[in-house]
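This report concerns only the one structure given below.
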Amino acid sequence: MVLLIALAGGLGAVCRLVVDGMVRARTSLGDPDGITLVNVTGSFVLGLATALLAAGGGALAVVGAGFCGGYTTFSTAMVDGVNLLRDGRVGRALVTVGGTLVASVAAAGLGLVVGGALAG
């Protein structure tokens, strides 16, 4: 089980790198939009997996702790917020940090609702 979680975590980290890189390649502002997208979509996937795999502890651990743990990165989002503050972009920092938090919680809730509907 530990090996599966580790492999899923590695896959999640690679997916994060790809998604963040694709978003950054399409924007010229240097804003952390890719990491925001990663955290919001990862929160949705975790909510969905939690609802769908509630009875299957091992599968949920692989998807949740493994893939989603490697894919999402709230620490990077917070560092990006601090860097925006340091650059004097206070409004953008507040939108990035606050928006990431609110959108991620909402996405996790939506994942739970969608997963619950699909499961039942």
| task | Drop me the distance from Asn39's CG to Thr73's OG1, to the nearest 0.5 angstrom. | result |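 The CG atom of Asn39 sits 6.5 Å away from the OG1 atom of Thr73.
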| query | What's the spacing between Ser43 OG and Leu48 CG if we round to 0.5 Å? | reply |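 Separation between the atoms: 12.5 Å.
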Connected hydrophobic set around [X], excluding itself, where side chains approach under 4.5 Å:
| X | answer |
| --- | --- |
| Tyr71 | Leu11, Val19, Val23, Leu37, Val38, Phe67 |
| Leu7 | Leu3 |
| Leu101 | Val105 |
| Leu85 | Val90, Leu94 |

Side-chain polar contacts of residues 110-120 - donor-acceptor pairs under 3.5 angstrom, sequence neighbours left out - could you list them?
none

Heavy-atom distance under 4.5 Å between the side chains of [X] and [Y], does that happen here?
| X | Y | value |
| --- | --- | --- |
| Val40 | Thr100 | no |
| Arg16 | Thr72 | no |
| Arg24 | Asp33 | no |
| Pro32 | Val79 | no |

Atom of [X], atom of [Y] and distance for their closest heavy-atom approach:
| X | Y | answer |
| --- | --- | --- |
| Thr96 | Ala77 | CG2-O, 4.4 Å |
| Gly42 | Cys68 | O-SG, 3.7 Å |
| Ala65 | Ile5 | C-CG2, 4.3 Å |

| said: Which residues pass the side-chain hydrogen bond (donor to acceptor under 3.5 Å, both in side chains) test with Arg86, not counting sequence neighbours? | reply: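 Arg86 satisfies side-chain hydrogen bond (donor to acceptor under 3.5 Å, both in side chains) with Asn83 only.
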